[in-house]
Amino acid sequence: MTDKINELLRRVEEFKPKAAAEIEEFRIRILGKKGELTALMEEFKTVAPELKRELGQQLNRLKNEATSRINALREELQNAASDASATSGDLTRPGTAEELGSRHPISLVKNRIVEVFERLGYTVADGPEIEDDWHVFSALNFPPEHPARDMQDTFFVEKDPDILLRTHTSSIQVRTMERQKPPIRVICPGRVFRNEAISYRAHCIFHQIEGLYIDEGVSFADMKQSLLYFAKEIFGEQTAIRMRPSYFPFTEPSAEVDVSCNLCGGKGCAVCKGTGWLEIMGCGMVDPNVLKANNIDPEKYSGFAFGMGIERIAMLLYGVKDLRLYFENDVRFLHQFDKAL
Ligand code: DAH
């Protein structure tokens with residue numbers, strides 16, 4: 001019997017549970033009503049009286065050892081569990097959702113326009129937002145007294161020599177012609193600044209995309225076809241364009257481009273103000289004076305340029321009626337574009 005007691009004692013000492021359920025199982029197996037210790041107690045009743053004292057002590061020791069070991073193991077496991085929850089929380093709890101950001105509608109539209117022109121072989125060009133008079137006006141054939149240079153329109157950083165915030169992305173045309181010889185085919189997105197009162201249709205900061213194509217033998221027909229392709233890619237296959245004569249100092253001849261109104265199919269509605277057409281950009285053949293100012297021979301090369309407001313295109317695509325929404329960063333507005341494009 002002593003052997004059995006010692007064997008059980010050894011098992012109690014070596015017992016290393018991994019979970020609370022194992023401890024309970026062990027307890028029942030040893031101390032339970034049908035457990036091994038209980039069986040030994042039964043056996044004890046039948047031993048010779050002279051052995052009772054010695055064996056009784058051994059059995060008591062075994063019972064105490066087993067009980068205290070089981071209690072100690074239980075406590076150990078509980079402490080480990082509460083340590084874990086203190087550091088890493090309840091690992092089975094559902095996570096708190098992190099809100100995903102989305103691209104700003106202006107970025108979405110800009111990227112789409114750039115992609116269309118990249119397919120036509122254009123590359124993206126960039127330039128500074130703080131510019132000098134030469135790149136924004138003089139090299140683009142603005143006469144010295146042109147009203148666009150006026151304080152009411154342009155934000156000046158310094159006077160004499162004039163340092164200013166660019167009022168249009170056409171300045172990137174000049175930067176590109178300085179860097180590169182023809183053939184030139186660039187698309188130039190960027191932020192521009194004008195001293196305008198902020199309203200639902202005007203802002204002092206907005207975005208434009210400029211295009212410039214210069215090579216030998218570039219014609220007005222090339223421009224018209226490129227812009228028609230662009231309009232169909234952005235506004236849909238059924239879209240038509242029309243060109244109205246216009247004036248810009250840096251292009252001659254110049255035109256204003258309209259696209260057919262998709263909302264009414266050209267019949268006339270509130271958005272197109274009954275005309276069936278929506279104005280989207282200015283364009284024209286690069287003025288020989290601009291080529292000359294940038295050391296490009298106008299006898300050899302010709303080209304076209306165009307410029308459009310990204311906010312305007314985005315308003316037409318998404319039906320946004322108030323331009324200020326683009327700058328307020330209200331997530332209720334911005335989240336509507338999560339799945340756009
Ligand atoms: N820079 C003009 C503006 O801000 C837009 C523009 C018109 C750009 C005609 C061009 C162009 O390149 O050819 O209103």
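We count ligands from 1, going down the list as the structure has it; atoms in each ligand are counted the same way.
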Can you list the atoms of ligand 1 that are under 4.0 Å from a heavy atom of [X]?
{"X": "Thr251", "result": "13 (O)"}
{"X": "Gly284", "result": "13 (O)"}
{"X": "Gln173", "result": "12 (O)"}
{"X": "Gln208", "result": "3 (C), 4 (O)"}
{"X": "Gly282", "result": "7 (C), 9 (C), 11 (C)"}
{"X": "Ser170", "result": "1 (N), 8 (C)"}
{"X": "Cys283", "result": "9 (C), 11 (C), 13 (O)"}

Return the residue, atom name and 0.1 Å-rounded distance of the protein heavy atom closest to atom 13 (O) of ligand 1.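 Going by distance alone, atom 13 (O) of ligand 1 is nearest to Ala305 O, 3.1 Å.
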For atom 11 (C) of ligand 1, the protein heavy atom that lies nearest, with its residue and separation: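 Here the nearest protein heavy atom works out to Phe250 CE1, 3.4 Å.
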Below 6.0 angstrom between ring centroids: does that apply to His203 and Phe327? yes
Under-4.0 Å salt bridge between Arg149 and Asp133: yes
Evaluate the ring planes of His168 and Phe142, with Trp represented by its six-membered ring, and classify them as parallel (under 30°), tilted (30 to 60°) or perpendicular (over 60°).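 Because their plane-to-plane angle is over 60°, the rings of His168 and Phe142 count as perpendicular.
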Evaluate the ring planes of Tyr122 and Phe117, with Trp represented by its six-membered ring, and classify them as parallel (under 30°), tilted (30 to 60°) or perpendicular (over 60°). perpendicular
Please tell me if the side chains of Arg194 and Cys204 come closer than 4.5 Å, counting only heavy atoms from C-beta onward.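 No, every pair of side-chain atoms sits at 4.5 Å or beyond.
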So, is the end of the Lys52 side chain (NZ or CZ) under 6.0 Å from the ring centre of Phe44 and within 45° of the ring's axis? yes
Per atom 14 (O) of ligand 1, closest listed option by heavy atom (Glu210, His168, Arg194): Arg194
Criterion salt bridge (Lys or Arg N to Asp or Glu O under 4.0 Å) against Glu36, the qualifying member of Lys4, Arg11, Lys63: Arg11
